[in-house]
Amino acid sequence: MPPTVVDPAHEREHRRWTPTKIALWAVIALLGGAGWFMVAIWRGENVNAIWFVFAAVCSYLIAYRFYGKFIEDKLVRPNNRRATPAEYAYDGKDFVPTDRRILFGHHFAAIAGAGPLVGPVIAAQMGYLPGTIWIVVGVILAGAVQDLLVLVISMRRGGRSLGKMARDELGLVGGIAAFIATLSIMLIIVAILAMVVVNALGESAWGVWSVGLTIPIAIFMGIYLRYIRPGKVFEVSVIGCALLLLAIISGRWVAESGSGGELFDIERTWLAVAIIIYGFLAAVLPVWVLLAPRDYLSTFMKIGTIVMLALAIVVVRPVIEAPAMSEFASRTDGPVFTGALFPFLFVTIACGALSGFHAMISSGTTPKLVEKESQARMIGYGGMLMESFVAIMALVAAVSIDQGIYYAMNSSGAATGNTAEGAAQFVNSLGLTGVNVDAATLDQTAKDVGEASIVSRTGGAPTLAVGLAGIMHKVVGGAGMMAFWYHFAIMFEALFILTSVDAGTRVARFMLGDLLGGAHERFRDPSWRVGAWITTALMVAGWGSILLMGVMDPLGGINTLFPLFGIANQLLAAVALSICLVVFARKGHRWILLTIAVPMLFTAVITVYGSLLKIFSSDPQVGYWANHIAYRDALAAGETSLGLATNVEDMQTVVFNTAVQGSLSILFVVCAVIVMIVSLWRTLQALRGQNILDTEDPYVESEYFAPSGMVASPAEKELQGRWTEYLGQHPEKDLAGGGHH
């Protein structure tokens with residue numbers, strides 16, 4: 001049997017610094033420095049979007065090569081002689097060594113949801129500079145570190161979930177608090193993801209038709225691969241991409257036909273009901289029927305569209321329309337979302353810089369599929385850098401469109417009256433420097449993108465679609481292709497988000513099954529169909545009720561709920577980093593723990609502070625309970641309208657919604673604070689040499705080889721050739737190829 005690791009001498013030779021390497025990294029550093037100078041310091045007449053691409057990409061390359069490697073060497077210390085769960089727990093279903101390139105795509109598809117698309121668009125209210133800095137710096141020092149470390153500690157514990165690791169590391173109290181926090185936060189995350197889809201497709205016959213067609217397309221692909229042409233992945237990929245293009249093109253025909261336009265021009269409440277039904281069915285159907293082919297389709301579109309947009313920005317070089325810092329950076333009454341820059345910028349831009357949802361994936365399917373420990377940096381750290389780049393592209397698209405159009409699209413319907421005239425009047429009344437829009441411009445923009453209206457299309461997704469269409473039509477197709485590119489972007493975003501809706505529902509269903517398993521053991525068995533239907537129905541009822549509450553919110557559901565989503569998501573990240581802190585403290589680390597403690601404490605401060613503002617602020621624009629009391633007292637005084645609520649029914653809705661939102665804020669912050677306090681106590685104990693636990697699985701010697709990076713080194717290629725020959729002679733050792741161990 002060939003060796004399972006490359007000769008260290010060969011690896012050192014491969015990593016040796018040469019004049020060519022030094023010159024290459026010097027060029028990358030200079031180009032990145034120039035990009036940051038133009039984005040952050042230059043205050044000329046305008047800033048070109050191309051500098052955002054250079055600043056971000058160069059920063060990611062440097063971070064991956066140096067800071068990611070530093071974290072890997074000092075904390076992770078990968079050992080390729082140690083078998084991963086994919087090898088020693090191989091079962092051909094959940095535990096399977098998976099090619100690192102395929103797994104990178106799978107992991108990215110799982111973590112990339114609405115957050116990196118929507119958060120930066122909403123946060124553009126503050127200007128382009130605060131969001132850009134947080135997205136890039138935050139991912140390097142916090143988000144990518146969390147994803148890498150959670151993946152590693154789960155991988156060394158048999159692929160255990162975050163909740164189970166919290167119970168093992170923190171004890172009963174911390175474990176219960178962590179479980180309540182993770183389950184309840186998952187519900188709010190899935191609800192907001194679904195709301196983004198509703199707002200993107202509401203009253204859009206073209207969008208509803210095109211996105212709706214992706215469901216039968218995905219089912220057809222699943223049947224094709226399973227029964228018609230098993231294993232023909234390239235073949236079904238070509239068919240799937242062709243059908244997607246047909247779905248977009250045919251959407252215009254349907255929308256422009258009288259009966260088709262009426263049939264698929266669906267009101268948002270009914271769209272929400274349809275997505276609730278979809279979420280239930282997608283979570284209970286076998287994975288191969290819908291989820292697997294939809295994920296496969298979305299991976300193509302996710303990475304392909306973002307790379308295409310980045311190249312188009314380099315070619316078109318659009319000018320940034322937004323200021324570096326807007327008036328709302330120092331105010332709390334923004335029309336897109338309320339609250340000050342600190343802390344609400346950091347929780348609005350959730351997944352693009354740091355995301356607790358990722359910890360659920362990094363301790364979910366991914367650790368059960370990794371071939372070698374040394375691949376964790378590429379998948380965990382590198383995958384998060386890719387998501388951050390998605391966020392930068394979304395931000396650039398949002399700040400490159402006319403700012404009058406931006407505010408008209410992202411202000412609530414109650415403020416704009418859902419008319420072009422009302423939107424123009426409202427936006428112009430904001431008194432923003434250089435921002436002026438008229439109804440004719442809004443109507444023409446809607447016509448250009450093939451929509452009846454773009455007014456109050458909140459949620460970020462339609463704004464990103466307008467920005468993408470505005471850039472892409474200058475590269476391909478001209479002005480006549482604006483509508484195509486807009487609806488291409490809507491389909492791209494819907495696919496992006498729906499994968500997280502159904503995957504999140506499945507994760508929540510499994511978590512609830514573990515909890516109910518204490519009362520009835522069969523709930524822990526995912527193959528028990530009765531239990532699967534019950535747990536799925538309960539979870540869908542949970543996030544579905546929050547979705548409907550947001551859709552019918554007169555204050556604009558996404559405007560009031562997205563800060564809660566961001567806070568919940570970042571609280572979950574603080575919980576994940578807290579668990580990492582305890583684990584690595586118990587392994588004897590000291591000062592290097594600052595690389596975990598600093599982002600954990602920063603995240604804890606901004607999210608707890610944001611939670612306290614949402615709970616205790618006396619400003620109704622910010623605090624849920626202040627808003628609740630204002631509307632409740634107005635109703636008691638016999639008033640029939642207040643603020644954006646124009647009738648008694650709307651006022652009653654606000655009273656109910658703010659009570660629910662305020663209560664959820666209290667639940668999230670209490671559970672998260674308990675987890676963080678317990679974790680800090682366990683960390684201090686470990687630093688004193690007390691209560692040292694080793695919860696890792698026993699060491700198993702590996703009998704398997706795989707390269708570490710995306711591209712194999714010369715020494716790895718040589719050893720891979722020897723392994724290919726060996727596995728040809730011993731197929732029972734080929735775990736990834738379907739053998740048995």
Side-chain angles (χ1 to χ4, degrees), residues 14-72 104 108 116 120 124 127-145 303-325 349 352-353 377-378 381-400 467-468 471-472 474-475 709-711:
H14 174 66
R15 294 174 183 171
R16 187 172 61 87
W17 283 93
T18 63
T20 303
K21 285 185 179 180
I22 294 172
L24 175 63
W25 283 108
V27 169
I28 292 172
L30 289 172
L31 187 59
W36 277 113
F37 175 82
M38 295 302 296
V39 170
I41 299 174
W42 173 257
R43 290 295 176 266
E45 188 173 332
N46 52 56
V47 175
N48 198 289
I50 194 173
W51 295 113
F52 288 77
V53 177
F54 290 154
V57 171
C58 293
S59 298
Y60 298 148
L61 291 172
I62 292 170
Y64 181 79
R65 172 60 184 83
F66 296 100
Y67 193 66
K69 190 71 173 64
F70 173 76
I71 297 293
E72 180 184 66
F104 179 89
F108 175 74
Y128 66 76
L129 186 56
T132 301
I133 293 174
W134 170 235
I135 289 169
V136 177
V137 176
V139 75
I140 291 170
L141 299 180
V145 172
I303 297 178
T305 301
I306 291 303
V307 172
M308 179 182 69
L309 178 58
L311 294 175
I313 288 172
V314 173
V315 173
V316 176
R317 290 173 294 153
V319 172
I320 299 302
E321 297 287 342
M325 297 275 284
I349 299 179
R377 177 165 66 109
M378 180 192 77
Y381 201 94
M384 183 55 192
L385 293 180
M386 174 63 78
E387 174 152 357
S388 179
F389 188 55
V390 173
I392 285 290
M393 291 298 95
L395 179 66
V396 169
V399 298
S400 63
L468 185 145
I471 294 170
M472 288 305 305
K474 296 176 181 178
V475 180
M710 190 70 75
V711 179

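What you see is a predicted model, and the numbers here were worked out from it, not measured in a lab.
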Applying the side chain to side chain contact (heavy atoms under 4.5 Å, CB included) test to Ile28, which of Leu31, Leu30, Leu24 qualifies?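 Single pass found, and it is Leu24.
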
Would you call Ser59 and Trp36 a side-chain contact if the rule is heavy atoms closer than 4.5 Å?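 A side-chain contact under 4.5 Å exists here.
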
Between CZ of Phe104 and CE of Met386, what distance do you get to the nearest 0.5 Å?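 So the gap between those two atoms works out to 5.0 Å.
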
Closest contact, heavy atoms only, [X] versus [Y]:
X: Ala310; Y: Phe389; answer: CB-CZ, 3.6 Å
X: Met393; Y: Val53; answer: CE-CG2, 3.7 Å
X: Ala391; Y: Gly352; answer: CB-CA, 3.7 Å
X: Ala397; Y: Ser400; answer: O-OG, 3.1 Å
X: Ala40; Y: Leu129; answer: CA-CD1, 3.7 Å

Over 60° means perpendicular and under 30° means parallel, so tell me whether Trp51 and Phe54 are parallel, tilted or perpendicular.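 If you compare the ring of Trp51 with that of Phe54, the planes turn out perpendicular.
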
Is the backbone of Tyr64 close enough, under 3.5 Å, to the side chain of Arg377 for a donor and an acceptor to pair up by distance?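 Judged by distance alone, yes, a pair lies under 3.5 Å.
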
Between Arg65 and Trp25, does the side-chain contact (heavy atoms from CB on, under 4.5 Å) criterion hold? Intermediate values first, please. CA-CA 10 Å; Arg65 172 60 184 83; Trp25 283 108; 3.4 Å; yes

Less than 3.5 Å apart, which donor and acceptor atoms pair up between the side chains of residues 311-320 and the rest of the protein, not counting sequence neighbours?
none

What pairs with Glu321 under salt bridge (Lys or Arg N to Asp or Glu O under 4.0 Å), at least two apart in sequence or on another chain?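 Glu321 satisfies salt bridge (Lys or Arg N to Asp or Glu O under 4.0 Å) with no other residue.
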
Side chains of residues 131-144: which donor-acceptor pairs under 3.5 Å do they make with residues two or more places apart or in other chains?
residue : atom : partner : partner atom : Å
Thr132  : OG1  : Tyr128  : O            : 2.7
Trp134  : NE1  : Ile349  : O            : 3.3

